[in-house]
Protein chains: 2
Amino acid sequence: MKLDERHLIQLAAVVKTGGVTEGAALLGLAQPAVSRTLSMLEKRIGEPLFIKGRRPLQPTPLGLSLAEHGLVMLATSRKASDLVESFRVGKSGVVRIGGTPFFMDALIAQLCAEFQASHPDVRIDQSYGYFPDLRAALKADQIDLAICPIDILDEGSGLEFQQILPGRNVVACRVTHPLLLKRRPQPSHLLDYPWIAPPPGSPLLADLRALLLSFGATEIKIRYTGGSLMSVINYLKSADALTVMPHSVVFAQRKEKTITALPITIPHPERALAILKRIDAPRAPAVDQFAEFVRLGFQDLRHLIKRHEESVIWGV
Amino acid sequence: MKLDERHLIQLAAVVKTGGVTEGAALLGLAQPAVSRTLSMLEKRIGEPLFIKGRRPLQPTPLGLSLAEHGLVMLATSRKASDLVESFRVGKSGVVRIGGTPFFMDALIAQLCAEFQASHPDVRIDQSYGYFPDLRAALKADQIDLAICPIDILDEGSGLEFQQILPGRNVVACRVTHPLLLKRRPQPSHLLDYPWIAPPPGSPLLADLRALLLSFGATEIKIRYTGGSLMSVINYLKSADALTVMPHSVVFAQRKEKTITALPITIPHPERALAILKRIDAPRAPAVDQFAEFVRLGFQDLRHLIKRHEESVIWGV
DNA sequence: CTAGCTTCATAACGATCTGTTATATTGAAT
DNA sequence: ATTCAATATAACAGATCGTTATGAAGCTAG
């Protein structure tokens, strides 16, 4: 006996409210529709669902049991509707983001947490990579957003990118680093200390090479490499080493008072931190909400970072 | 956003099986029907449910979540169908029986247990009463079956009754009763012992009065009354008292070896144990199954009881 | 016990939806 | 590139839904 799910729901509404009229009202239907459904159900099942000729309508045991199942369906249906609704306004769903390790660790993870304060049912899947991988992942629909530095000249093919922070590198060291004691540290001093290399493949690594060579280094003394941001910071904490970092990453650590930037201006790359999306494929609303959240978050940060940059690096 | 439950089920079937064609087959539908449903759903929801241009079909997060809800509905629907099916063959439901206390306690309760060995999902609601109450309860649809002794002449108005055991009373006593030692106990001896009266309102009570008066008692020595069958038996166990009982009730206690019947023939009432049903109103299949089970059970018992009666009462 | 009110059942009808078969399109594998 | 399998689309007949209008049936109050 195949039963129409809609019929069970109507039965449930009637049993729940105790009357055909009220049950119909609960579902937003006219009374005769529900009445007919019940008659049809009884005829098709061949068993009475209600005790005839009693006026507070009283279900038979079978009617009651079936109504319970209908109630499950009603609830499930409601939940499904709610799910769709919340998905459409970006309150549920999955956001798959990829980005360069330092930015993700230093800035984005925290933003994710803040985002979910208002979007608790949105799951965020994070992965790491650099621009070429991230672009490929975007195009293969493995991620929805990429957050990474890109060369400003780059024109995405099928990709939309919003710049959220200008590229600006600094030399990072621990707050007790001896170079910080000098009134005017010279670039040549930088070669006196061991260096930490950013992860292989990162734009930072290229920046570091260019920087050191421009300062007259013949060979580059790399003492440590391969670590994630936390490794690098923990290493920096324990030695007078130096490394190149995006200023925003150092900025994000300012509260910890463990690392800071040397007041030495170094050439900033022709690069900017950006959010990349596919322009063609449809994105889940939650993805757009998250992208917007990140954009606004950085908008707020931008002038803070700027001021910090001026005070720390140029000692304003 | 109101979603049709049927659509969710179809979505669930497709996601579960991994293909539109197979999903349709699972539901016994043609492929285009399901395909159209999915298109319609996506259009109405405004979000993709499947990642386009990928084969094997891969659901989006939203599609997956909705499919889970659909799966709940599918399962619930199946359960509802099974429930109806089992109800129709009498394998589930409720049977409300009423009957005279002694019969219910001594014979029917055990039959209920045996019945449920093959019908575990049938609930049995038992209540007590005598013929007038039971007939009223039947007509008011408070019980489905009555099991009680009725006068053979009685013609049920709107009630069907099947005789399942001829009425036959015996004098019951404990197995150590002194009267059992006599070769041929005389009716007059019965007056030498205290009597237990059956519950007020029971036919047995009338039988007892008639019996004792017919044996020449001027007044009836009632020592104990008002107890249920267990009370009566426990009383009998502890005293040389006597009482009148249906023979079948004494028979049911034979294994306990605590009470037995005196080998004295007493007039048997023009009455028979019967099952009463409404003839007009529809009965749940489980009710008919149970009634048939009881009838067959007594059919098996009948000759056993007969033989027991002959051997115990007439000492054959 | 009747009057009146409320609730349920039935009828008729238009609109929608369902499921079907036939056919075109598309993705994937060889 | 070709071929095969799976999905999407089209067209159509029938079922079903929900509606309004109306009749029947219980409860309740006087």
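All of these numbers come straight from a predicted model, not from anything done at the bench. Residue numbering restarts at 1 for every chain, and letters A, B, ... go by the order of the sequence lines.
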message: Main chain of B:Leu138, side chain of B:Arg278: is a donor-acceptor contact present, judged purely on distance under 3.5 Å?
response: yes
message: Is it the case that the base of D:dA8 and the side chain of B:Gln31 share a donor-acceptor contact (distance under 3.5 Å, atom types as modelled)?
response: yes
message: Which is more 5' along DNA chain D, the nucleotide nearest B:Leu57 or the one nearest A:Pro32? Just name the residue.
response: B:Leu57
message: What contact category does A:Ser39 fall into here, base, sugar-phosphate, or nothing, at under 4.0 angstrom with non-hydrogen atoms?
response: sugar-phosphate
statement: When every non-hydrogen atom of B:Lys2 is compared with those of A:Ser81, the smallest separation belongs to CA-OG, 4.2 Å
- request: Could you state the atom-to-atom distance from CD of B:Glu5 to P of D:dC17 in whole Å?
  value: 12 Å
task: Could you give me the CA-CA distance, side-chain angles and deciding distance for B:Phe290 and B:Ile124, then say whether side-chain contact (heavy atoms from CB on, under 4.5 Å) is met?
output: CA-CA 10 Å; B:Phe290 180 74; B:Ile124 299 178; 3.9 Å; yes
field: B:Asp4 CG to D:dG18 P, straight-line distance once rounded to whole Å
entry: 9 Å
- prompt: In whole angstroms, how far is the C1' atom of D:dT20 from the CG atom of A:Leu29?
  reply: 15 Å
query: Can you pull the contact range of chain B along DNA chain C, 5' to 3', using atoms under 4.0 angstrom from its heavy atoms?
result: C:dT18 to C:dA28
message: Rounded to whole Å, please give me the gap between NZ in A:Lys2 and P in D:dA15.
response: 17 Å
- request: Spell out, as yes or no, whether a donor-acceptor pair under 3.5 Å connects the side chain of B:Asp133 to the backbone of B:Tyr130.
  value: yes
query: Rounded to whole angstrom units, what separation is found between the CD atom of A:Gln58 and the C1' atom of D:dG26?
result: 15 Å
- prompt: B:Ser35 near the nucleic acid: base, sugar-phosphate alone, or nothing, with a heavy-atom cut-off under 4.0 Å?
  reply: base
message: From CE of A:Met40 over to P of D:dC17, roughly how many Å is that when rounded to an integer?
response: 5 Å
message: In this structure, how many angstroms lie between the P atom of D:dG18 and the CZ atom of A:Arg36, rounded?
response: 8 Å
message: Main chain of B:Asp141, side chain of B:Arg96: is a donor-acceptor contact present, judged purely on distance under 3.5 Å?
response: yes
message: At 4.0 Å (heavy atoms only), tell me whether A:Gln10 reaches a base, stays on the sugar-phosphate, or touches nothing.
response: sugar-phosphate
- request: Ignoring hydrogens and angles, tell me if any N or O in the side chain of B:Glu42 forms a donor-acceptor pair with the backbone of B:Phe50 under 3.5 Å.
  value: yes
message: Under the criterion salt bridge (Lys or Arg N to Asp or Glu O under 4.0 Å), I'd like the reasoning laid out for B:Asp288 against B:Arg283: C-alpha separation, chi angles, the key distance, then a yes or no.
response: CA-CA 7 Å; B:Asp288 287 330; B:Arg283 291 179 303 276; 2.7 Å; yes
task: Give the rounded distance in Å between these two atoms: CD1 of A:Ile9 and P of D:dT16.
output: 18 Å
